[in-house]
Amino acid sequence: MRRSGSECGSAEAVRWFEAARRAHQCVEAADKALTYQFGFAAHLDREIAGSHGPSLARAAAREAMKALYELARRDAAADVDVFLDCALRACERSSGQPGSRQVAAGASA
């Protein structure tokens with residue numbers, strides 16, 4: 001299967017979900033500290049700023065990430081941390097690269 005340069009692959013998805021986790025942690029920290037809240041989208045933009053230039057695929061990925069985050073945050077039964085962790089693990093498996101959590105789990109077994 002060929003992928004064009006504008007497509008987001010599973011390795012890039014890993015980076016995006018890691019960025020989403022860091023953005024979520026910033027949101028949570030601001031909520032706890034009762035400080036000014038820039039919001040998930042602003043933190044996500046800062047975290048993914050190093051991604052390669054703009055493309056339709058990246059814009060769509062960003063909007064999808066924001067929508068998924070909002071859905072998870074609004075569901076009282078959902079745990080955003082667990083959601084992001086599961087998504088990250090799935091992307092890591094798809095990319096064929098063991099994540100740090102998988103390596104640590106294997107080492108402790």
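Only a predicted model underlies this, so the values are computations on that prediction, with no experimental measurement involved. All values below were derived from every heavy atom in this structure, side-chain atoms included, with hydrogens, water molecules and symmetry-related copies excluded.
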Inset, instruction - May I have all residue pairs that pass ring pair (Phe, Tyr, Trp, His ring centres under 6.0 Å) and include part of residues 63-82, sequence neighbours excluded? - result: His24-Tyr69, Phe40-Tyr69
Inset, instruction - Could you pull out all residues at least two apart from Ala64 that satisfy side-chain contact (heavy atoms from CB on, under 4.5 Å)? - result: none
Inset, instruction - Measure across Ala23 and Leu44 and return the closest heavy-atom pair with its distance rounded to 0.1 Å. - result: CB-N, 3.6 Å
Inset, instruction - Go through the structure and list residues passing side-chain contact (heavy atoms from CB on, under 4.5 Å) with Ala87, not counting sequence neighbours. - result: Phe17
Inset, instruction - Report the distance from atom CG of Asp85 to atom CD of Glu92, rounding to the nearest 0.5 Å. - result: 8.0 Å
Inset, instruction - Kindly compute the distance separating CD (Glu47) from SG (Cys26), expressed to the nearest 0.5 Å. - result: 6.0 Å
Legend entry - Minimum-distance pair of heavy atoms, taken over all atoms of Cys91 and Ala13: SG-CB, 3.6 Å
Legend entry - For Gln25, all residues meeting side-chain contact (heavy atoms from CB on, under 4.5 Å), sequence neighbours excluded: Arg21, Arg22
Legend entry - Qualifying ring pair (Phe, Tyr, Trp, His ring centres under 6.0 Å) pairs, either residue in residues 72-94, two or more places apart: none
Legend entry - Residue pair Arg15, Ile48: steps toward the side chain to side chain contact (heavy atoms under 4.5 Å, CB included) verdict: CA-CA 8 Å; Arg15 288 189 295 277; Ile48 61 174; over 6 Å; no
Legend entry - CG on Asp81 to CG on Leu88, rounded to 0.5 Å: 12.0 Å
Inset, instruction - Please name all residues satisfying salt bridge (charged side-chain N to carboxylate O under 4.0 Å, His left out) with Arg73, sequence neighbours left out, ordered by chain then number. - result: Glu28, Asp31
